[in-house]
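Heads up: the structure comes next, in structure tokens.
Whatever order the structure lists them in is the order used to number ligands and atoms, beginning at 1.
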Amino acid sequence: MSVAALIVAAGRGARAATDATRPKQYCEIGGAPMLTRTLSAFAAHPGVDDILVVIHPDDVALYGAASTAFTSDILLPAVMGGARRQDSVRLGLEALAGEPPDRVLIHDAARPFADARLITRVIDALATSPGALPCLPVTDTLKREADGRVAGTVSRAGLFRAQTPQGFDFQSILTAHRAAARDSTLDFTDDTSVAEWFGLNVAIVEGSEDNRKLTTAEDLMIAGRLMLQGGALAGTVRVGSGYDVHRLGPGDAVMLCGVRIPHTRTLLGHSDADVGLHALTDALLGTIADGDIGAHFPPSDARWRGASSDKFLKDAGERITAQGGTIVHTDVTLICETPKIGPHRNAMRGSIADILGLALSQVSVKATTNERLGFVGREEGIAAMATATVRLP
Ligand code: MG
């Protein structure tokens with residue numbers, strides 16, 4: 001059974017103008033664009049085979065920036081949306097129809113906190129129903145208003161709040177949307193409404209309170225604050241460590257943390273032998289349990305001969321972003337008798353910050369000698385240790 005996720009991101013979201021230069025789905029929450037978080041939730045789910053995003057024609061550049069971490073293995077080329085949400089969904093379904101999936105999950109970009117269990121519940125329900133809708137009960141008492149006064153109380157019995165992703169048998173919802181498009185008087189605000197109108201059965205599955213729709217500027221602020229404060233949306237914090245050594249040999253400079261430092265010797269290795277960046281690459285890979293630098297860039301591979309190690313570090317950073325993760329902090333300790341690191345420390349911090357897209361305040365570089373003891377003390381080599389702290393959804 002193939003499952004595609006169709007993410008609707010074509011709205012203008014004027015209500016959430018926290019950043020007047022961009023629509024809300026591209027505003028940052030806790031350091032990453034909302035859409036990047038939404039995409040990560042689906043890209044990381046083992047049951048989702050493809051993702052297609054419907055965007056506004058004005059947002060091509062913003063979309064490009066928000067989706068760089070996702071490869072064409074999972075992310076199909078974006079499709080331009082229409083005037084209404086319903087039109088955008090239909091255009092997305094038509095784009096999928098060339099190589100139709102068995103099932104489709106239609107999701108609003110403005111719900112970045114859909115978790116894996118919720119997505120699984122929707123997919124599982126489609127085994128026995130052509131449609132599945134995640135819902136939550138209404139807990140507030142509902143009032144009817146007339147002329148600014150309370151005109152009555154509405155019973156909550158049998159009422160639910162509809163969320164997304166809404167899952168459907170692909171051909172059924174495509175047929176329903178095509179039929180709805182033929183009558184211009186019809187205007188549906190979600191896809192289950194289209195399914196209801198067409199007569200499709202839609203099962204109710206349990207929604208998730210975290211999966212809230214971020215609509216107003218205040219919603220965005222609250223979500224960002226909850227993530228920063230380690231609230232329900234914060235996910236987990238992981239710490240990884242790394243260690244590396246390279247031998248010193250004849251030469252005139254060493255590469256340390258991306259900075260070339262004139263020296264009486266050089267570090268030997270298959271790549272540029274930058275021990276600092278190698279240790280930090282391993283620390284980052286450690287946070288997502290994704291092997292080590294040697295597994296991704298084997299020394300036996302001629303492509304990495306003399307390679308600049310910023311490639312390795314950048315790749316590790318992208319692997320974290322692809323899982324919806326955010327690097328909180330990195331810390332490298334260089335262990336050597338010479339050269340002196342102090343004068344180059346800030347250049348090294350700047351180089352790591354540039355490679356990983358971090359602020360200088362998130363990047364620490366320290367150094368110590370080995371008190372002339374052991375191989376480092378005899379200046380046979382230089383060692384480095386690193387730790388990285390990462391927040392994952
Ligand atoms: Mg190494």
Just checking His296 against Phe312, ring centres under 6.0 Å apart? no

Enumerate the residue pairs fulfilling side chain to side chain donor-acceptor pair (under 3.5 Å) with a member in residues 76-94, sequence neighbours excluded, ordered by first and then second residue. Arg84-Asp87, Arg85-Asp108, Arg85-Asp191, Glu94-Arg178

Glu379-Thr338 side chain donor-acceptor pair, cut-off 3.5 Å: yes

According to ring-ring contact (aromatic ring centres under 6.0 Å, His included), who are the partners of Phe188, at least two apart in sequence or on a separate chain? Trp197

If the threshold is 4.0 Å, N to carboxylate O, is there a salt bridge linking Asp315 and Lys311? no

For Asp301, enumerate each residue passing the salt bridge (Lys or Arg N to Asp or Glu O under 4.0 Å) test, keeping only those at least two apart in sequence or located in another chain. Arg303

Within-2.8 Å protein N/O/S contacts of the Mg ion (ligand 1): Asp244 OD2, His246 NE2, His278 ND1

